[in-house]
Amino acid sequence: MIYPVILCGGSGTRLWPLSRKSYPKQFALKVNGESLFQASARRFSEPPPGLQFAAPTVVTGNDFRFIVTEQLLAAGVEPGPVLIEPAPRNTAPAILAAALFLCERDPDAVLLVAPSDHVIPDAAAFGQAIARGLPALAEARLVTFGIQPDRPETGYGYLELERASPDGAPVALRAFVEKPDAERAARMLEQGGFLWNAGIFLFRAADLIAACQQHCPALLPPVEAAINQGAPDLGFFRLASGPWSQAEDISVDYAVMERAPNLTVVPYQGGWSDLGGWDAVWRESGPDRDGVVTSDHATAIDCRNSLLRSEAPGQELVGIGLENIIAIAMPDAVLIADRDRAQDVKLAVSSLKSRDIAQAETLPRDFRPWGWYESLVVGQRFQVKRIHVHPGAALSLQSHHHRSEHWIVVSGTAKVTVDGVVKLVTENESVYIPLGAVHRMENPGKVAMVLIEVQTGAYLGEDDIIRYEDVYARGQGARG
């Protein structure tokens, strides 16, 4: 039995402004109608012939736990365990936590660890690569997968092989190579014997734990304690925050793989991309004969080798005479960059963060376990929001110190509680929530409920919530 482990953290800053800390690229970026995370989950829930996969285990952060389950449901994937990290600690603690968790339930568990944001179009070819790596596990080896490079890429780390493997057979690793400059990348491509480091691993859970004991022993006690002191929470498993905070923030490459003598590389020659920047999105989207890629609501006139994307239906983006340009339009932010500088988009995020600009990390649409909301108008002492509540979902029972609210239902039916009085509010009807009133909105129907909320008051921040009851078990101060 192979247990897929999907790592679902990160902020995807190189795909800003679409990908942000509040809703990173694995959820936000759609390819062929589904998110990168959904594609990853489906890939690991539909094993190729000859392989047997358990339901995927997901390691993610607290703010994404309901997004994970919602997107799995939409993709028709049965979820396995979802481990909640109290804080991001990089890939080594995350992978070790999954190994300890699964090894306790199945001492012979084989883990296939992969990021949640990769594009692998040929699932059958990838399955064959996994099958080629399995025999190495009988010798307690750790298997990683390397991608055959087709260009001198500076955005990836590399794997240097002990020898060439033209038939894709597993081969020993000589060394890890950090992201090279353009000159060295070209030299490695010409020389051969180097693969891109995909960050995908296959090993027995017990062997990974043993490798951590040998190469990073200080990591084991805090992660082990975070598992032992962790607890189930609404179908998730929440790692204990105290010991987790003591775990070193370190990648699995640095902590284990670069030190382990028992590492085997399986070359993979099929299609693959980590969509690590807008240049990769341009490449994977299939540029036309002029090298141009456009989204819906984007128009290119006399452009060359450019990517134009509008991420909002009501927003038209037009480029005229552009060459080698990335143009990404969001309702609250626009990116214009030379395509050769795609890896530097993260610098824009850093610059905005240094000036406390909200767009650096948050989207206009804020996703919550019950649905989402977006601010339409913000003024002095008032704010207008559109609120979307999923069928059967409910917001917490709450009150506010500083604001009152008017709710106008524009689609579906709302079940509204105000100071103990419950009533149904249907389309084109409204209700008033006085300041201090204990209230809740629910969607009792089978279709989405949408309402317009007008807030008025001296303070309109999201932290002005006193929570009394919540079906999602969020405490005081939690979002939503």
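It should be emphasised that the depicted structure is a prediction, and the values quoted were computed from it without experimental measurement.
- No side-chain heavy atom of Leu111 sits less than 4.5 Å from a side-chain heavy atom of Leu202.
- Taking CG of Leu161 as the reference point, atom CG of Leu173 lies at 7.0 Å (rounded to 0.5 Å).
- Residues Cys8 and Val68 are in side-chain contact: their nearest non-hydrogen atoms beyond the backbone lie under 4.5 Å apart.
- Evaluation of the ring pair (Phe, Tyr, Trp, His ring centres under 6.0 Å) test over residues 222-267, restricted to residues two or more places apart or in two chains, returns Phe66-Phe236, Phe101-Phe237.
- Residues Glu85 and Arg238 fail the side-chain proximity criterion, which asks for heavy atoms closer than 4.5 Å.
- Counting heavy-atom neighbours within 6.0 Å of Asn32 CG, excluding the residue itself, gives a total of 12 or less.
- Between Leu18 atom CG and Glu311 atom CD the span is 4.5 Å, to the nearest 0.5 Å.
- Here CG of Asp366 is found 8.5 Å from OG of Ser375. Values are rounded to the nearest 0.5 Å.
- The main-chain N or O of Leu347 is never found under 3.5 Å from a side-chain atom of Asp344 such that the two would form a donor-acceptor pair.
- Side chain to side chain, His215 and Glu258 fail the donor-acceptor criterion of an N or O pair below 3.5 Å.
- At a threshold of 4.5 Å between non-hydrogen side-chain atoms, the residues Asp338 and Arg341 count as touching.
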Could you check Leu159 against Phe194 for side-chain contact (heavy atoms from CB on, under 4.5 Å), going step by step and ending with a plain yes or no? CA-CA 6 Å; Leu159 305 171; Phe194 292 87; over 6 Å; no
Test salt bridge (charged side-chain N to carboxylate O under 4.0 Å, His left out) on Lys385 and Glu374; report intermediate values, then the result. CA-CA 6 Å; Lys385 291 181 177 179; Glu374 59 186 350; over 6 Å; no
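- Remark: Arg339 is positioned above the aromatic ring of Trp282, its terminal NZ or CZ atom under 6.0 angstrom from the ring centre and at most 45 degrees off the axis.
- Formation of a donor-acceptor pair under 3.5 Å by the Arg43 side chain with backbone atoms of Ala123 is not found in this model.
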Determine, step by step, whether Ile227 and Leu239 satisfy the side-chain contact (heavy atoms from CB on, under 4.5 Å) criterion, reporting the C-alpha distance in whole Å, the side-chain angles of both residues, the deciding distance to 0.1 Å, and the verdict. CA-CA 6 Å; Ile227 292 286; Leu239 302 173; 3.4 Å; yes
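- Panel note: side chain Trp196, backbone Gly155; no donor-acceptor pair is recorded below 3.5 Å.
- Ala211 approaches Val256 most closely through the heavy-atom pair CB-CG1, 3.8 Å.
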Can you list the steps and then say if Val334 with Ile336 is a side-chain contact (heavy atoms from CB on, under 4.5 Å)? CA-CA 7 Å; Val334 176; Ile336 309 292; 4.0 Å; yes
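- A distance of 15.0 Å separates NZ in Lys346 from OG in Ser351, rounded to the nearest 0.5 Å.
- Aromatic ring orientation, Tyr23 versus Phe27: tilted (interplanar angle from 30° to 60°).
- Residue pairs meeting the ring pair (Phe, Tyr, Trp, His ring centres under 6.0 Å) criterion with at least one partner in residues 318-361, sequence neighbours excluded, do not occur; the list is empty.
- With Pro115 as the fixed residue, the side-chain contact (heavy atoms from CB on, under 4.5 Å) test singles out one of Leu36, Asp274, Thr91, Ile200: Ile200.
- Under 4.0 Å is where a charged nitrogen must lie from a carboxylate oxygen, and between Lys179 and Glu153 no such pair does.
- Between the side chain of Arg14 and the main chain of Gly276, a donor-acceptor pair closer than 3.5 Å is present.
- What you find for Ala255 and Arg259 is that their closest heavy atoms are O-CD, 3.6 Å.
- Listed for the Ser19 side chain is a donor-acceptor partner under 3.5 Å among the backbone atoms of Lys25.
- Within the 3.5 Å criterion, the main-chain N or O of Met257 finds no donor-acceptor partner in the side chain of Asp253.
- No donor-acceptor contact under 3.5 angstrom links the side chains of Asn197 and Tyr156, judged on distance only.
- Annotation: salt bridge (Lys or Arg N to Asp or Glu O under 4.0 Å) contacts involving residues 50-62, sequence neighbours excluded, are absent.
- Rounding to the nearest 0.5 Å gives a distance of 6.0 Å between CD1 of Ile326 and CG of Leu307.
- Within the 4.5 Å cutoff, the side chain of Phe201 has heavy atoms near those of the Val252 side chain.
- Between Tyr158 and Pro180 there is a side-chain heavy-atom pair separated by less than 4.5 Å.
- Between Leu134 and the choices Leu112, Val143, Leu51, Val266, the side-chain contact (heavy atoms from CB on, under 4.5 Å) rule is met once, by Leu51.
- By the 4.0 Å N-to-carboxylate-O rule, Glu160 lies too far from Arg184 to be salt-bridged with it.
- Side-chain atoms of Leu322 and Leu308, non-hydrogen and from C-beta on, do get closer than 4.5 Å to each other.
- The shortest non-hydrogen separation linking Pro56 to Ala41 is CG-O, 4.5 Å.
- Looking at Ser245, its side chain does come within 3.5 Å of a backbone N or O of Gly242 through a donor-acceptor pair.
- Contact record, Ala312 with Pro331: CB-CG, 3.7 Å, taken as the closest heavy-atom pair.
- Taking the six-membered ring for Trp and the full ring otherwise, Trp272 and His118 have centroids separated by under 6.0 Å.
- Rounded to the nearest 0.5 angstrom, Arg204 CZ and Ile2 CD1 are separated by 13.5 Å.
- Pro364 pairs by the side-chain contact (heavy atoms from CB on, under 4.5 Å) definition with Arg20, Asp332, not counting sequence neighbours.
- Checked for salt-bridge contact, Glu361 and Lys353 meet the test: a charged N lies under 4.0 Å from a carboxylate O.
- No side-chain donor-acceptor contact under 3.5 Å links Trp372 to the backbone of Val389.
- At least one side-chain heavy atom of Phe53 sits under 4.5 Å from a side-chain heavy atom of Ile130.
- Nearest heavy atoms, Ser40 versus Asp117: OG-N, 4.2 Å.
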Could you go through the side-chain contact (heavy atoms from CB on, under 4.5 Å) check for Arg386 and Tyr373 one step at a time? CA-CA 6 Å; Arg386 174 166 58 172; Tyr373 77 83; over 6 Å; no
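- Evaluation of the side chain to side chain donor-acceptor pair (under 3.5 Å) test over residues 261-271, restricted to residues two or more places apart or in two chains, returns Arg141-Thr264.
- Nearest heavy atom pair, residue Tyr472 against residue Ala393, reads OH-CB, 3.5 Å.
- Sorted by first then second residue, the side chain to side chain donor-acceptor pair (under 3.5 Å) pairs that include residues 290-305, not counting sequence neighbours, are His297-Glu316.
- The backbone N or O of Asn62 sits less than 3.5 Å from a side-chain atom of Arg65, completing a donor-acceptor pair.
- A side-chain donor-acceptor contact under 3.5 Å links Gln26 to the backbone of Gly9.
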